[in-house]
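Source: prediction; values computed, not measured. Order of the sequence lines sets the chain letters (A, B, ...), proteins ahead of strands, with each chain counted from 1.
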2 protein chains.
Amino acid sequence: MELKVLVERYQTAINQVYRRINIILKEQIHADITTDQFSTLHYIFKNNTCTSTDIAGEFGVGKSAVTAQINRLYEKELIERNRDDTDRRVVYLSVTPKGTEFIVQTEKALFEVIGKYLQNFNEDEIYTFIHSLEKLAKVMNED
Amino acid sequence: MELKVLVERYQTAINQVYRRINIILKEQIHADITTDQFSTLHYIFKNNTCTSTDIAGEFGVGKSAVTAQINRLYEKELIERNRDDTDRRVVYLSVTPKGTEFIVQTEKALFEVIGKYLQNFNEDEIYTFIHSLEKLAKVMNED
DNA sequence: AATGAATAGTTCACCTATTGAACTATATTA
DNA sequence: TAATATAGTTCAATAGGTGAACTATTCATT
């Protein structure tokens with residue numbers, strides 16, 4: 001098969017999966033959060049006391065986009081900001097207890113839904129898929 | 001490995017790939033179009049004389065979002081609208097000659113870049129990956 | 001044939017997400 | 001100390017999305 005066709009099929013499928021996860025979060029889990037916001041929240045959870053600059057690097061967006069995203073999470077009281085005592089330019093981000101509880105509950109619901117879909121795959125298939133996806137992400141970021 | 005970890009790894013990788021394709025289109029190909037716009041344009045190209053409703057169904061978005069997207073492509077003179085003669089409610093969409101030329105050129109450049117990345121994979125790996133991705137998209141849309 | 005329901009598409013107000021340039025405040029370095 | 005670099009914010013602009021209200025048209029049913 002041609003590369004052209006493969007890339008087209010990839011784009012279509014990836015778009016469908018991406019949009020579907022958004023819809024699941026909203027309609028099935030009824031979590032008052034977007035996929036992007038949840039990804040950011042989750043990153044802060046996993047990388048406690050990270051900074052805006054860290055997040056900008058991780059997600060490949062500008063710092064002003066991070067400021068806006070952080071503000072939305074802050075207004076929902078899911079995260080808090082703490083300025084560094086020695087370097088007053090730096091603001092450390094961390095997840096509040098409310099935020100932690102939210103992550104636990106939302107992940108639980110999300111995994112139930114996703115797990116249901118993954119019943120259509122055997123273990124080998126899943127591992128191979130994740131491995132290829134991560135490899136693709138890795139080579140695309142090696143520039 | 002736990003499902004939880006798999007889903008997390010999936011989300012991280014898929015985000016990175018998604019954002020990377022946006023950056024390639026903009027910075028490497030210098031095409032004055034976004035990934036979303038290109039997907040819509042490509043769908044109209046492949047499904048000549050489709051309608052807004054078709055697109056809304058294909059991409060899983062509301063009709064008002066499609067109207068806005070169509071307007072952006074129309075302003076760039078990449079597509080045209082033709083009202084149905086027998087059912088005057090319906091507007092058929094098709095790609096202009098300028099739009100066709102644009103698709104050909106942009107795809108050519110895009111495939112060169114993506115093809116470079118795919119050199120890190122053998123054929124089997126690519127086919128298995130695409131197959132799993134399409135299967136995932138399919139089961140997620142079967143509700 | 002008339003009317004009520006359905007369908008196709010647009011418009012509007014509002015929200016999320018992003019960019020890039022200009023800005024503030026605080027280190028660092030030459 | 002003066003110039004430069006870094007961390008983060010603000011602002012105006014753009015893309016993309018929702019949902020409700022709307023126009024215009026067609027279909028269906030009595």
B:Glu112 vs B:Lys108, test: salt bridge (charged side-chain N to carboxylate O under 4.0 Å, His left out). Steps then yes/no. CA-CA 6 Å; B:Glu112 264 170 36; B:Lys108 188 169 172 291; 3.8 Å; yes

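- Distance NE2/A:His42 to OG1/A:Thr106: 10.5 Å, rounded to 0.5 Å.
- Between the side chain of B:Lys76 and the backbone N or O of B:Asp32 there is at least one donor-acceptor pair closer than 3.5 Å.
- Between D:dA7 and A:Arg81, no contact under 4.0 Å exists linking OP1 or OP2 to a side-chain N or O.
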Letter by letter from the 5' end, nucleotides 25-30 of chain C scores (B base, S sugar-phosphate only, - none; protein heavy atoms under 4.0 Å) BBS---

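- A:Ser52 comes within 4.0 angstrom of sugar-phosphate atoms only, judged by non-hydrogen atoms across all strands, and of no base.
- Between B:Leu73 atom CG and D:dG16 atom C1' there is a gap of 12 Å when expressed in whole angstrom units.
- Between A:Gln37 atom CD and C:dT18 atom P the separation is 10 Å, expressed in whole Å.
- Residue A:Gln69 contributes atom CD, which lies 7 Å from atom C1' of C:dA17 at whole-angstrom precision.
- Ring geometry, A:Tyr43 versus A:Phe59: the interplanar angle exceeds 60°, so the pair is classed perpendicular (tilted spans 30 to 60°).
- Note on A:Ala68: a base of the nucleic acid sits closer than 4.0 angstrom, heavy atoms only.
- A cation-pi contact, defined as under 6.0 Å to the ring centre and within 45° of the axis, is absent between A:Arg81 and A:Tyr92.
- For B:Thr51, the side chain to side chain donor-acceptor pair (under 3.5 Å) criterion is met by B:Asp54, not counting sequence neighbours.
- At the phosphate of D:dG19, OP1 or OP2 sits under 4.0 Å from a side-chain N or O atom of A:Lys26.
- For A:Ile33 and C:dC15, the CD1 to C1' distance is 15 Å, given to the nearest whole Å.
- Using a 4.0 Å heavy-atom distance criterion, A:Ser64 is classed as a base contact.
- Two different hydrophobic clusters hold A:Leu118 and A:Ile23 under the rule that ILVMFWY side chains link at heavy-atom gaps under 4.5 Å.
- The NZ atom of B:Lys63 sits 15 Å away from the C1' atom of C:dC12 (whole-angstrom rounding).
- A straight line from CG of A:Leu93 to P of D:dA7 spans 13 Å, rounded to a whole angstrom.
- Taking atom CD1 of residue B:Ile70 and atom C1' of nucleotide C:dT11, one finds them 16 Å apart after rounding to whole Å.
- OP1 or OP2 of C:dA17 has at least one side-chain nitrogen or oxygen of A:Thr34 nearer than 4.0 Å.
- Contact annotation: B:Thr53 side-chain N/O to C:dG9 OP1/OP2 distance is under 4.0 Å.
- At whole-Å resolution of the value, CG in B:Leu25 and P in C:dT18 are 17 Å apart.
- For B:Arg72, a side-chain nitrogen or oxygen approaches OP1 or OP2 of D:dG16 to under 4.0 Å.
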